[in-house]
Protein chains: 2
Amino acid sequence: MQTKEKILEAALSLYNEKGVNTITTRHIAASINISAGNLHYHFKHTDDIIQSLYNQLAGEFDEQVSEMESARVTDLSAIVGFAEKSFSIVYKYRFFFLNFVEIGNRIPAIKKAYQQLTARRKKEFTGVFQLLIRNGIFRSDIPENIWSALLTQIFIVGDFWLSNNELTNQFQGKKAAKEYGKIFEAMFYPYLK
Amino acid sequence: MQTKEKILEAALSLYNEKGVNTITTRHIAASINISAGNLHYHFKHTDDIIQSLYNQLAGEFDEQVSEMESARVTDLSAIVGFAEKSFSIVYKYRFFFLNFVEIGNRIPAIKKAYQQLTARRKKEFTGVFQLLIRNGIFRSDIPENIWSALLTQIFIVGDFWLSNNELTNQFQGKKAAKEYGKIFEAMFYPYLK
DNA sequence: AAAATATTAGTACATTTGTTCTAAATATTG
DNA sequence: CAATATTTAGAACAAATGTACTAATATTTT
């Protein structure tokens, strides 16, 4: 494996484990037995590492939105399936979501990219909702502004379930994604016909 | 005003404005024209300042939960009222909520206190839900696990609406609380009879 | 194989930060 | 008013951090 990849892999692992603010380039370098100088040859600035990891994350989300685009959504299970995939991406890159605001402020390009990604995902979800209403899965008596609010709720829960877990339940490892998956799924229950 | 109070006031203001991680004790001291040495006479450690601010925050929340306890909740407007109050407390101490996980990990006493507070608020909300079902405001055909999931959703949205705003909409000042208040209120809509 | 290029370790430096220490000034108490 | 305690400013320090620089080594190209 290339040094560059090794750095990214080690950084992700350490950031996830100890938090993005406690890990320095020296820690990352030491963990793969290279010098700090070498690390900075590959990534001039620490933020370049974080940016690279965000690009990975965004790539995986993009892929998932594309799948959603091309899939034929006929019932709730499709949404649940996408949610599961989202949750596992969030878990994989959890250090971002546990410090999202700070990272977004520190690296504006990340905030901007995230906004675009969110806009795209929102549009996708709106389409799915309309389809599920037409198919008689979702209630047809819900006003537009409630659907719109639901979308925001979905994104808040989708982005911050991990933070809630960290602060309260502290389910370990993949169990967290599983438990919060159920909570996420329950969001749709009262909208079912 | 006592120096100690001045420090807390300045810290809250600067933390809210620039984020808890970019502000140092020197910044806080400078902003009220005292020396860093003096500041550290009043607060030996930086974290003592944050802890003090958390105690203030928890006090205001406690007060609000107590009100909820004693109030006679007969319709949704009561919940909305409590939510508004919560939202304004969150806004007042926004730096916490924008970095909650990190602060909680850095100062375990805060995490612990927050968990207890959350437990108390959850119990309170559960009581209110039951009342509203009995009063025919909420639907009576919702299974227990869905109510329980709703509670968690409520706390996630209640704690992280600000983070979502920071990352996406960026409503300024009190407008943010107002807009997200609407989104919060909408959470209850599909549960209404 | 020689030359050019890329990669690496190690050192060094400037800055920042939390905190401690000292001595002066101020306020409080007897 | 004298003694005592509190508060304050300012200097000083050690540790940490990001990153630049240098020289050696390894790899690739010609």
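So that the names make sense, note that chain A is the first sequence line, chain B the second, and so on, each numbered from 1.
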Value rounded to 0.5 Å, distance of CG in L162(B) from CZ in F96(B):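 Those atoms lie 13.5 Å apart.
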
Nearest-0.5 Å distance that lies between atom CD in E9(A) and atom CD1 in I32(A):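 These two atoms lie 9.0 Å from each other.
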
Do R94(A) and Y91(A) form a cation-pi contact, if we require the NZ or CZ to be under 6.0 Å from the six-membered ring centre and within 45 degrees of the ring's axis?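 Yes, R94(A) sits over the ring of Y91(A).
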
Does [N] have OP1 or OP2 under 4.0 Å away from a side-chain N or O of [X]?
X: T3(A); N: dT7(C); result: no
X: Y41(A); N: dT8(C); result: no
X: H40(A); N: dT8(C); result: no
X: H45(B); N: dT19(C); result: yes
X: N38(B); N: dA9(D); result: yes
X: T25(B); N: dG18(C); result: yes
X: T24(A); N: dA16(D); result: no

Reckon D47(B) touches a base, only the sugar-phosphate, or nothing at all at heavy-atom distances under 4.0 Å?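 Contact class for D47(B): none.
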
Take the protein atom [atom1] of [X] and the nucleotide atom [atom2] of [N], then report the distance between them rounded to whole Å.
X: N21(B); N: dT17(C); atom1: CG; atom2: P; result: 11 Å
X: H27(A); N: dA16(D); atom1: NE2; atom2: C1'; result: 9 Å
X: I34(A); N: dG10(C); atom1: CD1; atom2: C1'; result: 13 Å

Would you confirm whether Y189(B), through its side chain, and I142(A), through its main-chain N or O, come within 3.5 Å as a donor-acceptor pair?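 No; judged by distance alone, with no hydrogens or angles, the pair does not exist.
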
